[in-house]
Amino acid sequence: MRTGSIPLDGLAGGLDLATTIESGQTYLWTRDDGETYATAPAPDAWYSTVVDGDVVRARRRDDAIEWESTTDADSLLHELLRLDDDLPAIRDAAADDPLVADAYERHAGMRIVDDPFFGCLVSFICSAQMRVERIFEMQASLREAYGESVTADGRTYRATPTPDALAAATEADLRELGLGYRAPYVKRSAELVASGDLTESDVRRDDLEAARDALKGFVGVGDKVADCVALFSLGHLDAVPLDTWIQSAIEEHYPDCARDSYAETSRAIRERFGPNAGYTQTYVFHHLRTGA
DNA sequence: CTCCAGGGAGCCT
DNA sequence: AGGCTCCATGGA
């Protein structure tokens with residue numbers, strides 16, 4: 001495999017690789033130790049993923065991100081981990097309140113990811129009423145059962161299942177992987193993509209609310225999941241997924257932003273969090289969920 | 001045992 | 001549009 005290194009001091013705000021990958025934004029990476037993300041990673045733990053048939057491995061090594069890949073992964077990593085985002089500028093422009101300041105400070109270096117679309121879509125369809133640790137397990141199970149194998153340097157990696165593969169699976173097959181009532185959602189949404197009836201290009205809109213409405217055409221995708229896909233795969237950094245953690249945070253810390261409908265609460269909290277509100281949401285979510 | 005987890009579909013008014 | 005009810009599964 002090819003290798004390379006990305007110096008952290010060349011990135012505005014650096015990069016906390018482990019937190020970025022394990023904070024519940026992306027479920028498409030595998031930690032080398034095979035743990036289920038329930039345990040803390042080693043400081044220099046390797047993470048791997050497969051993108052368009054290429055294996056990408058990355059870990060923190062001293063003051064750089066070291067990578068190995070079947071392709072030149074430098075630009076790919078910049079894309080997947082949004083390494084060009086200026087974290088200090090994003091933080092400075094964010095809302096100035098104790099919760100937000102604490103979240104940014106405690107998890108400095110965490111970045112929003114830019115996941116490949118279909119894997120992100122399936123991940124967050126599966127996320128409904130699920131703990132983060134189990135979402136990781138479910139995506140690993142889907143890769144193991146339906147992902148294409150890619151071998152590099154004698155090791156085998158599993159790609160994200162294709163729409164065709166998941167559309168061909170039976171609902172019973174998917175239920176056996178522990179997907180529960182999400183099984184038919186995954187299958188039907190995979191069918192929509194595989195048939196071309198609703199695809200990534202249909203949901204790539206410049207406006208967040210237009211993208212969200214289009215995303216809700218998938219099965220198992222409502223307002224919250226649509227916002228997650230918009231934020232973690234379509235580059236809508238203003239998207240603020242209103243999950244249970246953020247909703248209770250709004251009740252406790254921003255009660256004036258609480259509205260009757262998702263759409264109105266979303267608008268209010270986006271205005272409160274300021275530019276790149278999705279970044280702030282992700283920091284606050286991780287901060288609250290990890291009990292920091 | 002009960003309760004909860006990064007919600008959404010289906011059906012009702 | 002807005003309000004129910006039900007939905008699988010595993011861990012606490």
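So you know, we letter chains A, B, ... as the sequences are listed, proteins then strands, and number each from 1. Worth knowing before you read on, the calculation uses all heavy atoms, side chains too, and leaves out hydrogens, waters and symmetry mates.
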Please state whether the rings of A:Phe285 and A:Trp245 are parallel, tilted or perpendicular, taking 30° and 60° as the class boundaries.
perpendicular
Can we say A:Glu271 and A:Arg259 salt-bridge, meaning some charged N sits less than 4.0 Å from an Asp/Glu carboxylate O?
no
Is it true that A:Asp153 and A:Arg155 have a side-chain N and a carboxylate O under 4.0 angstrom from each other?
no
Please report whether the ring centroid of A:Phe124 lies less than 6.0 Å from that of A:Tyr27.
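Yes; A:Phe124 has its ring centre under 6.0 Å from that of A:Tyr27.
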Taking the six-membered ring where the residue is Trp, are the ring centres of A:Tyr279 and A:Phe273 under 6.0 Å apart?
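Ring centroids of A:Tyr279 and A:Phe273 are no less than 6.0 Å from each other.
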Considering all heavy atoms, the nearest A:Arg57-A:Ser48 contact
CG-CB, 3.8 Å
Heavy-atom closest pair, residues A:Ser141 and A:Leu177:
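Answer, listing the atom of A:Ser141 first, then A:Leu177: O-CD1, 4.1 Å.
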Say you pick atom [atom1] in [N] and the same atom in [M]; how far apart are they, in whole Å?
| N | M | atom1 | value |
| --- | --- | --- | --- |
| B:dA9 | C:dG10 | C1' | 23 Å |
| B:dC11 | C:dA8 | P | 15 Å |
| C:dG3 | B:dG6 | P | 25 Å |

Heavy atoms only, 4.0 Å cut-off, all strands: where does A:Tyr27 land among base, sugar-phosphate and nothing?
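Answer is base: heavy atoms of A:Tyr27 come under 4.0 Å of a base.
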If you look at every strand shown and take non-hydrogen atoms under 4.0 Å, does A:Gly220 touch a base, only sugar-phosphate, or nothing?
sugar-phosphate
I need the residues from residues 235-257 of chain A with at least one non-hydrogen atom less than 4.0 Å from DNA chain B; give them sorted by number, or say none.
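Close to the strand are A:Pro241, A:Asp243, A:Thr244, A:Trp245.
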Could you check whether any side-chain N or O of A:His236 sits under 3.5 Å from a backbone N or O of A:Cys228, counting only pairs where one atom can act as donor and the other as acceptor?
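Judged by distance alone, no pair lies under 3.5 Å.
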Look only at the side chain of A:Glu66 and the backbone of A:Arg60, and say whether a donor-acceptor pair between them is shorter than 3.5 Å.
no
Start and end of the DNA chain B segment that chain A contacts, any atom under 4.0 Å from a heavy atom:
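The protein-touched segment is B:dC4 to B:dG10.
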Is A:Leu8 reachable from A:Leu80 through a run of I, L, V, M, F, W or Y residues, each pair having side-chain heavy atoms under 4.5 Å apart?
yes
Check whether A:Leu99 and A:Leu87 end up in the same hydrophobic cluster, where Ile, Leu, Val, Met, Phe, Trp and Tyr are linked by side-chain heavy atoms less than 4.5 Å apart.
yes
Dot-bracket, 5' to 3', for DNA chain C please: Watson-Crick or G-U pairs under 3.5 Å, [ ] where pairs cross earlier ones, | where the partner sits on another strand, dots elsewhere.
|||||||.||||
Partner set under ring-ring contact (aromatic ring centres under 6.0 Å, His included) for A:Phe118, not counting sequence neighbours:
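By the ring-ring contact (aromatic ring centres under 6.0 Å, His included) rule, A:Phe118 matches no residue at all.
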Those residues at least two apart in sequence (or on a different chain) that pass side-chain contact (heavy atoms from CB on, under 4.5 Å) with A:Tyr181 are A:Ala128, A:Gln129, A:Tyr185
Let me have a per-nucleotide readout for nucleotides 1-12 of chain C, 5' to 3', with B, S or -, counting only protein heavy atoms under 4.0 Å.
------BBBBB-
